[in-house]
Amino acid sequence: MQETVQYTPVTLDPNTANRYLILSEDLTSVRRGDERQQLPDNPERFDKYHSVLGSEGFNSGTHCWDVEVGENTLWNVGVKAELTQRKGKYGYVSGEWSVQYKDGKYGARAPPKPYTLLTVQQKLQRIRVQLDWDRGELSFSDPDNNTHLHTLTHTFTERVFPYFNTGVSPLSIIAVKASVSVEQPS
């Protein structure tokens, strides 16, 4: 017996989503809406930036997820430390490690280190985020042509969550297809 199943390595946490963000019903896609939604102003919700976190945080191991960025003209994906600021205008603070696309340019952020411009041959449609928490590495690559983009290094000391920030177009977490086979004992 063999079966193919889909697995989404990251789902979004609606309790952290900025009030302008609209999440898909299956919590795998986010887009910015035109109007502010009537949602509780809970402490974990981003109130200034159009951001949302993944629902599961990591404090060990290796984790990987792909994000469809498509034609989005402004996005930021990576990880954010559990205890970093989410309220008000906080700019580039430590505790956020990410790659962004803005004004036609790609860059890597790992404050307090300086912003690093990245050279990308063709506009990305997807980006792969690979976290090795134990080794302190966060790598970004283009899964469509298997090209490494950048690796950030940091000694992580607290739980980090997948981080997403979007302009107008949606960002989607891509499901992974897994093949499962079951053998009967002889």
Side-chain angles (χ1 to χ4, degrees), residues 4 6-12 16-18 20-24 26-34 46 49-56 58 61-81 91-133 135-154 156 160-179:
T4 301
Q6 286 198 344
Y7 162 72
T8 305
V10 172
T11 55
L12 303 172
T16 65
N18 177 283
Y20 281 94
L21 296 182
I22 299 168
L23 305 184
S24 62
D26 65 358
L27 302 177
T28 62
S29 181
V30 57
R31 68 179 174 85
R32 195 168 90 196
D34 295 329
F46 289 94
Y49 299 104
H50 299 123
S51 301
V52 61
L53 297 179
S55 59
E56 181 184 354
F58 309 116
T62 58
H63 310 274
C64 183
W65 58 95
D66 290 356
V67 181
E68 179 91 35
V69 295
E71 296 305 312
N72 207 332
T73 56
L74 172 64
W75 54 261
N76 193 334
V77 298
V79 298
K80 195 167 185 66
Y92 301 116
V93 295
S94 59
E96 182 182 311
W97 303 271
S98 61
V99 165
Q100 80 172 164
Y101 180 69
K102 181 179 180 182
D103 301 326
K105 296 178 182 159
Y106 296 92
R109 299 174 19 175
K113 295 177 185 174
Y115 183 80
T116 304
L117 277 174
L118 303 178
T119 303
V120 175
Q121 300 304 320
Q122 62 188 35
K123 188 173 185 310
L124 297 173
Q125 294 299 304
R126 300 176 228 263
I127 186 158
R128 176 166 292 153
V129 182
Q130 190 156 359
L131 170 67
D132 187 332
W133 195 95
R135 292 183 61 193
E137 292 181 352
L138 182 65
S139 297
F140 300 92
S141 59
D142 178 350
D144 291 330
N145 61 25
N146 204 22
T147 304
H148 176 262
L149 300 172
H150 192 69
T151 298
L152 299 170
T153 57
H154 179 78
F156 297 110
V160 296
F161 287 81
Y163 172 71
F164 308 88
N165 181 290
T166 186
V168 177
S169 300
L171 295 178
S172 300
I173 299 148
I174 300 169
V176 177
K177 289 183 181 174
S179 180

ask   = How many angstroms lie between OG in Ser51 and CG in Leu21, if you round to the nearest 0.5 Å?
value = 7.5 Å
task = Compare all side-chain heavy atoms of Tyr163 with those of Asn76 and state whether any distance is below 4.5 angstrom.
result = yes
note = Of all heavy-atom pairs linking Trp97 and Val160, the shortest is CZ3-CG1, 3.8 Å
ask   = Are Lys113 and Thr153 close enough that some pair of their side-chain heavy atoms sits under 4.5 Å apart?
value = yes
query = Is there a side-chain contact between Leu12 and Ile173, using heavy atoms and a 4.5 Å cut-off?
reply = yes
remark   = Sequence neighbours excluded, the answer for side chain to side chain donor-acceptor pair (under 3.5 Å) partners of Ser24 is Asp26
ask   = How long is the gap from NE2 on His150 to CD1 on Ile127, to the nearest 0.5 Å?
value = 11.0 Å
ask   = Sub-3.5 Å donor-acceptor pair from the side chain of Ser55 to the main-chain atoms of Thr11, do we have one?
value = yes
Heavy-atom side-chain proximity of Leu74 to His50 below 4.5 angstrom = no
Residue pair Asp132 / Phe156: nearest heavy atoms and the distance that separates them = O-CE1, 4.5 Å
ask   = How far apart are the closest heavy atoms of Leu118 and Leu149, and which atoms are they?
value = CD2-O, 4.1 Å
ask   = Do you know which two heavy atoms are closest between Pro143 and Arg126, and how far apart they sit?
value = CD-O, 3.6 Å
inquiry  = Measuring only between side-chain heavy atoms, which start at C-beta, is Asp144 closer than 4.5 Å to Gln125?
reply    = yes
query = Mind checking whether Val69 and Tyr101 have side chains closer than 4.5 Å, heavy atoms only?
reply = no
query = OG of Ser172 to CG of Asp66: how many Å apart, nearest 0.5 Å?
reply = 12.0 Å
ask   = What residues form a side chain to side chain donor-acceptor pair (under 3.5 Å) with Asp142, not counting sequence neighbours?
value = Asn145
query = Do the side chains of Trp65 and Ile174 get nearer than 4.5 Å, heavy atoms only?
reply = no
key: Heavy-atom pair with the smallest gap, counting every atom of Leu152 and Ser98   = CD1-N, 3.7 Å
ask   = Backbone N or O of Leu124 within a donor-acceptor pair of the Tyr106 side chain at under 3.5 Å?
value = yes
note = Separation between SG (Cys64) and CD (Gln130), nearest 0.5 Å, reads 4.5 Å
ask   = Rounded to the nearest 0.5 Å, how far apart are NZ of Lys123 and OG1 of Thr73?
value = 7.5 Å
ask   = At what distance, to the nearest 0.5 angstrom, does CG of Leu53 lie from CG of Asn165?
value = 10.5 Å
message = Before you tell me yes or no, could you show the steps for Val67 and Val10 under side chain to side chain contact (heavy atoms under 4.5 Å, CB included), namely the whole-Å CA-CA distance, both residues' side-chain angles and the distance that decides it to 0.1 Å?
response = CA-CA 10 Å; Val67 181; Val10 172; over 6 Å; no
Minimum-distance pair of heavy atoms, taken over all atoms of Phe164 and Leu171 = CB-CD1, 4.2 Å
message = Is it the case that the side chain of Lys105 and the backbone of Gln100 share a donor-acceptor pair, with hydrogens and angles ignored and the cut-off at 3.5 Å?
response = no
message = Is there a side-chain contact between Phe161 and Lys80 in this structure, where contact means two heavy atoms from C-beta onward sitting under 4.5 Å apart?
response = no
